[in-house]
Undergrad: 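Structure incoming, see below.
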Amino acid sequence: MLATSEKANQALTKRHNARLVLKSIYDREPISRADIARITNLTATTVSHVIGELLLAGVAEEVGSISTDRGKPPMLVGLCKNARHVIALNLAQNIFRGGVLNLRGEVLHQQSVPAEGLQGDQALATVHAMVDALLPKVNQPLLGIGVGAPGIIDVEHGVINRAVNLCWYDLPLAQILARRYDLPIYIVNDNQASLLAEQIFGQHKNTPDLVVIRVGRGIGAGLMVDGQLVRRFGAGEIGHITVVENGERCSCGNFGCLETIASSRAIVQRTRQLLPHHPTSWLSRRAALQGEVDIQSVVAALAAGDDFLIPIVTEAGRALGGVIAHLVSILGTPHILLCGSVTGFGRTLLQPIEAEVQRRSLTGQLRRPQIDFVSLESDIIMLGATALLLRNELGLF
Ligand SMILES: [Zn+2]
């Protein structure tokens, strides 16, 4: 029994050491064995042994040497970024996107399928069709499939508890995909995916305390505290916090939720109500030509000088700021990032958010949090799904 547990411990230590070495290479390549030993506190023998295995597995490669004053110049080691592939899916928008990505999150192949109105089994069949089409593009060992999906998700079991638009309730998506493809499957919601992407591929690498808030048709937050993703049921569902007593009816059935003021849907709706009063505005003229008013056209109209939109965006910012002030007070988070379709409003949206956080939070007054937009753009959810695979399958991050 003791021998078994010792063996298990040895295996765990070996795995831990391998992850430390790979992470050093990932973060600091090209790097010498001696520098890896110094950073990881592992012995030179252990580092050389692990690197030998990584070279054999094709994950690392020797990339030349650097000259030093004395002795034999040390050989540097780098990552073979194309040594493994992942399939990442973004099911959170009205176009499903899927891609084959490498270890650096570079998109090697991608495809998209219109998903507006897709629900239930039909939506699931579309997911299968996307993966089926991506698999032949994979020409390296596949780490697995990562999925960024909308709604409330049980990350641990890969179950989508509630995704209203897709009509998925308690759908065991990880199990369904694992059965069909026999691969490791990981699922997070779109907010958590955005956070992981920014923390691993964006400008907030290795930031242990981070909140990323997606503001699009819905509003939700991905939360990371002390380097741990907060996975509790429904954590970060800030879009349905009441911000206006007896306010407008929300899609959740309640009244006056944050989403009724600050979501792209709410902003577009308010714009449509005001538009007839501004017949000479840029947006009115554009709407006359092209018909539909959507969030992209509202963003463009503000940039083109339609000042009647400022109060709508300011009100959205104030409502967001009020909720963010609570987050800052509860978590003490120093970094808050926004992503999603409304980020195009830029400072017009950020200023009222910052002002409200200052006004409503003592923590925010004492240590002003950094509130900004994410550094990544359109592929952020696929990148987050990729990050999840690198974290779980390779122990990176
Ligand atoms: Zn609601």
Side-chain angles (χ1 to χ4, degrees), residues 91-94 115-120 123 148-155 159-171 188-195 211-223 230-274 293-295 298 311-331 336-343 345 349 352-353 356-357 360-361 381:
L91 311 181
Q93 281 146 349
N94 51 13
E116 187 80 59
L118 277 186
Q119 291 190 328
I152 298 178
I153 291 169
D154 174 349
V155 175
V159 175
I160 299 189
N161 296 124
R162 185 174 186 271
V164 180
N165 286 342
L166 295 171
C167 215
W168 283 349
Y169 298 96
D170 295 324
L171 179 79
V188 281
N189 79 14
D190 46 348
N191 312 314
Q192 295 165 328
S194 304
L195 181 140
V211 170
V212 174
I213 300 175
R214 284 196 75 78
V215 190
R217 294 205 311 178
I219 300 174
L223 315 171
V230 179
R231 301 163 174 226
R232 290 177 197 278
F233 178 83
E237 289 300 314
I238 60 171
H240 300 285
I241 292 175
T242 305
V243 294
V244 182
E245 285 302 329
N246 304 315
E248 283 176 32
R249 193 182 176 89
C250 176
S251 60
C252 72
N254 212 334
F255 293 87
C257 297
L258 179 61
E259 286 189 5
T260 65
I261 304 288
S263 68
S264 62
R265 214 186 311 221
I267 290 171
V268 167
Q269 196 186 350
R270 276 154 193 254
T271 301
R272 284 187 187 137
Q273 285 162 359
L274 286 189
V293 172
D294 56 15
I295 191 68
V298 180
I312 298 175
V313 178
T314 303
E315 194 187 359
R318 277 203 201 113
L320 277 167
V323 170
I324 293 172
H326 290 291
L327 276 179
V328 168
S329 300
I330 293 164
L331 299 173
I336 312 267
L337 301 175
L338 301 172
C339 64
S341 53
V342 307
T343 55
F345 293 123
L349 182 72
I353 292 177
E356 282 302 292
V357 173
R360 290 177 178 237
S361 154
I381 293 175

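None of these values were measured; they are calculated from a predicted model. Order of listing sets the numbers, starting from 1, for every ligand and every atom in it. In what follows, every heavy atom counts, from backbone to side chain, and hydrogens, waters and symmetry copies are set aside.
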Undergrad: Any side-chain heavy atom of Thr314 sitting closer than 4.5 Å to one from Arg318?
TA: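 A side-chain contact exists here, since the closest heavy-atom pair is under 4.5 Å.
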Undergrad: Near the Zn ion (ligand 1), meaning under 2.8 Å, how many protein N/O/S atoms are there?
TA: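 Number of qualifying protein atoms: 4.
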Undergrad: Less than 4.5 Å apart, side chain to side chain, heavy atoms only: is that true for Leu258 and Thr260?
TA: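 The answer is no; the side chains never approach within 4.5 Å.
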Undergrad: I need the single residue from Val230, Ile213, Ile238 that forms a side-chain contact (heavy atoms from CB on, under 4.5 Å) with Leu223. Which is it?
TA: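 Testing Leu223 for a side-chain contact (heavy atoms from CB on, under 4.5 Å) against Val230, Ile213, Ile238 leaves exactly one candidate, Val230.
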Undergrad: Among Ile160, Leu166, Asn165, Asn189, which residue meets the side-chain contact (heavy atoms from CB on, under 4.5 Å) test with Pro150?
TA: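 Passing option: Leu166.
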Undergrad: Just wondering, do Glu237 and Ile152 contact through their side chains at under 4.5 Å, heavy atoms?
TA: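 Counting from C-beta outward, Ile152 and Glu237 do come under 4.5 Å.
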Undergrad: Can you tell if the side chain of Phe255 reaches within under 4.5 Å of the side chain of Val244, non-hydrogen atoms only?
TA: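 Counting from C-beta outward, Phe255 and Val244 never come under 4.5 Å.
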